[in-house]
Protein chains: 2
Amino acid sequence: MTPLRIRVLLVDDHRMFRAGVRALLEGEPDLEVVGETGDGEGAIRLTAELRPGVVLMDLRLAGEGGGMDGVEATRRILTTTPGAAVVVLTSYGTEADVVRAMTAGARGYVLKAGAPDELFQAVRTAAGGGVGLAPDAAARVVSRLTNPEPVLTEREVEVIRLVARGLSNRAIATSLFLTEATIKTHLVRLYRKLGADNRVGAVSEAVRRGLVELH
Amino acid sequence: MTPLRIRVLLVDDHRMFRAGVRALLEGEPDLEVVGETGDGEGAIRLTAELRPGVVLMDLRLAGEGGGMDGVEATRRILTTTPGAAVVVLTSYGTEADVVRAMTAGARGYVLKAGAPDELFQAVRTAAGGGVGLAPDAAARVVSRLTNPEPVLTEREVEVIRLVARGLSNRAIATSLFLTEATIKTHLVRLYRKLGADNRVGAVSEAVRRGLVELH
DNA sequence: CCCACCGTCAACCGTTCGGTTGAACCCAGG
DNA sequence: CCTGGGTTCAACCGAACGGTTGACGGTGGG
């Protein structure tokens, strides 16, 4: 039998982490790292060029120029290279993160806090056409399906993001070409959905859920 | 000559990252990983037991039980094992982070975004009794010394942390056994020091500077 | 077709916030 | 000794926020 190894592309903005994972994967006889990059653009390009069996993707890509995150990169990879298998490998696994990544078309989700074996298994599963979720991530997906937390509408997310930047209601209104009254209505609904009773608490909760990034 | 290798202890809450760095360090003939742990307590204990030449320490330790961060762990390690050489290896390198770590007694600061060689060199330097700063971190220390940004007092940090939790001025006042007037005075100074003009902006800036952690 | 939901806005209310001025106390350092 | 910084508080003001009620149009699913 031919020793066909699974060809892996690493996408992570931490060079040190890439080097570590590379060394880790090289220890597995059936895995092979064929490339690595630190930003979304590189990921899209290298996936098209190298046609890796699996793309290992971090969600937070601190790309200086632009700021595409891992979910966006995953989406674009799947449009330019439809057959690609993307496995998310990231630090935090909030429900919002997992759901966003999986709906974007990821074929796996592994936490950096997990054991190396979880990563190996997820890579092999994804390369075989399956979907591999680490236990932690899987639990969150299940809990999300059984106990759906209120989802913010697009407009509400837009508003809470501006609130997070410290804008006043009036400033948000002019920024979105609306009235202050409308902003207040959105805020009241945001407070209810986020379980807060003022704007700071709402921002804090939104950040915790991964809906907003500060700065 | 005896091939005495530098004995390294890994401290990072991401098991996957530990495995990766271990594989990376094992590739260097003069380096040797003698232990690893994911929380501060383990770091203190293992440093005392194993007496490693260098402790590689992440700043963010998501310890479920307790919540000691890397700086606190570093401080405690240096009290229980005075001779220890701690090198910080972390994701973010804000000025506040670098300064806090170095004043806690760290002998090096390396960013995960950096090249593996930076890590190797910092470890060797620290083991030799020196202080190794990666270029990025060093630049921030210098910029901090040349252009000192306003430092918040203890009380101010205390206040901004409660603000970040969504507490009202009145709630903060009762929480700290003060009057609302005092809280407002602190806030006005906080706005000036943080370059904000309302509480949300102040929290956002405080988070950016690493002074406050959300949730 | 109609209901539900989203998004928009108005008017009104009490509360809180943002900001200023002024003042008092303590403590460490020159 | 006394100057400066940190901390505490008071009184005051206008502006912004938090919340409610009610309303209207659009859109999509049952």
Side-chain angles (χ1 to χ4, degrees), chain A residues 96 99-100 103 144 147-207 209 211-212 214, chain B residues 96 99-100 103 144 147-207 209 211-212 214:
Chain A
V99 172
R100 279 205 317 145
T103 56
R144 167 56 172 270
N147 177 24
E149 73 179 10
V151 179
L152 302 192
T153 67
E154 274 187 49
R155 209 43 159 171
E156 285 163 351
V157 171
E158 214 166 349
V159 170
I160 193 65
R161 292 215 169 123
L162 293 175
V163 171
R165 288 197 206 162
L167 297 197
S168 69
N169 288 346
R170 179 182 306 277
I172 297 170
T174 58
S175 165
L176 297 180
F177 305 103
L178 297 176
T179 330
E180 207 178 330
T182 306
I183 305 304
K184 287 166 71 171
T185 308
H186 285 309
L187 278 179
V188 171
R189 280 201 277 265
L190 278 166
Y191 297 150
R192 267 196 274 276
K193 288 188 178 179
L194 293 175
D197 58 349
N198 60 53
R199 53 179 53 214
V200 181
V203 168
S204 170
E205 180 62 21
V207 170
R209 295 195 190 178
L211 300 169
V212 179
L214 247 35
Chain B
V99 172
R100 278 203 320 142
T103 56
R144 167 56 171 272
N147 177 23
E149 73 181 8
V151 179
L152 302 192
T153 66
E154 274 187 47
R155 210 41 159 174
E156 284 163 352
V157 171
E158 215 166 349
V159 169
I160 194 65
R161 291 216 168 123
L162 293 175
V163 171
R165 288 196 204 163
L167 298 197
S168 69
N169 289 345
R170 179 182 306 277
I172 296 171
T174 59
S175 165
L176 296 179
F177 304 103
L178 297 177
T179 331
E180 207 178 330
T182 306
I183 305 305
K184 288 165 68 171
T185 308
H186 285 310
L187 278 180
V188 171
R189 279 200 279 266
L190 277 167
Y191 297 150
R192 268 197 272 276
K193 288 188 179 180
L194 294 174
D197 58 349
N198 60 52
R199 53 180 51 214
V200 180
V203 168
S204 170
E205 179 62 21
V207 170
R209 296 195 189 177
L211 300 169
V212 179
L214 246 36

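Since this is a predicted model, take the numbers as computed values, not measurements. Residue numbering restarts at 1 for every chain, and letters A, B, ... go by the order of the sequence lines.
Looking at residues 161-171 of chain A, you'll see A:Ser168, A:Asn169, A:Arg170 sit with a heavy atom under 4.0 Å from some atom of DNA chain D.
Each of A:Glu180 and B:Thr185 was matched to the nucleotide of DNA chain D holding its nearest heavy atom; the match closer to the 5' end belongs to B:Thr185. The nearest heavy atom of DNA chain D to B:Glu154 and to B:Ala181 marks one nucleotide each, and the one closer to the 5' end goes with B:Glu154.
Phosphate contact (OP1/OP2 of D:dG18, side-chain N/O of A:Tyr191, threshold under 4.0 Å): present. The shortest distance between the side-chain N/O atoms of B:Thr153 and the OP1/OP2 oxygens of D:dT7 is below 4.0 Å. Remark: A:His186 is not in phosphate contact with C:dC9, judged by side-chain N or O atoms under 4.0 Å from OP1 or OP2. Residue B:Thr182 has a polar side-chain atom (N or O) positioned under 4.0 Å from OP1 or OP2 of D:dC9. At the phosphate of D:dG18, neither OP1 nor OP2 sits under 4.0 Å from any side-chain N or O atom of A:Arg192. For D:dT8, one of the phosphate oxygens OP1 or OP2 lies less than 4.0 angstrom from a side-chain nitrogen or oxygen of B:Arg155.
For the pair A:Arg199 CZ and D:dG19 P, the computed distance is 11 Å after rounding to whole Å. The distance between atom CG of A:Leu152 and atom C1' of C:dC6, rounded to the nearest whole Å, is 13 Å. Going from atom CG of B:Leu176 over to atom C1' of D:dT8 covers 12 Å, rounded to whole Å. Rounded to whole Å, the distance from CG on B:Leu190 to P on D:dG6 is 12 Å. Spacing between atom CG of A:Leu187 and atom P of D:dA16 amounts to 15 Å, rounded to whole angstrom units. The CG atom of A:Asn198 sits 9 Å away from the C1' atom of D:dG18 (whole-angstrom rounding). For the pair B:Ile172 CD1 and D:dT7 P, the computed distance is 15 Å after rounding to whole Å. Atom CD1 in B:Ile183 sits about 16 Å away from atom P in C:dG19, given to the nearest Å.
Of the inter-residue distances, the one linking A:Asn169 atom CG with A:Arg199 atom CZ reads 4.5 Å to the nearest 0.5 angstrom. Note that CZ of B:Arg165 and CD1 of B:Ile172 are 10.0 Å apart. Values are rounded to the nearest 0.5 Å. The line from CD of B:Glu205 to CG of B:Leu190 is 11.5 Å long, rounded to the nearest 0.5 Å. Separation of atoms CD1 (B:Ile160) and CG (B:Leu152) is listed at 8.0 Å; rounding is to 0.5 Å.
Using a distance-only test at 3.5 Å, with no hydrogens or angles considered, a donor-acceptor pair links the side chain of A:Ser168 to the main chain of A:Ala171.
Of the candidates D:dC12, D:dC17, C:dG7, D:dC12 carries the atom nearest the B:Lys184 side chain, counting heavy atoms from C-beta on.
Salt bridge present: A:Glu158 and A:Arg155 bring a charged side-chain N and a carboxylate O closer than 4.0 Å.
Using a 4.5 Å cut-off on side-chain heavy atoms (C-beta onward), B:Leu194 and B:Glu156 make no contact.
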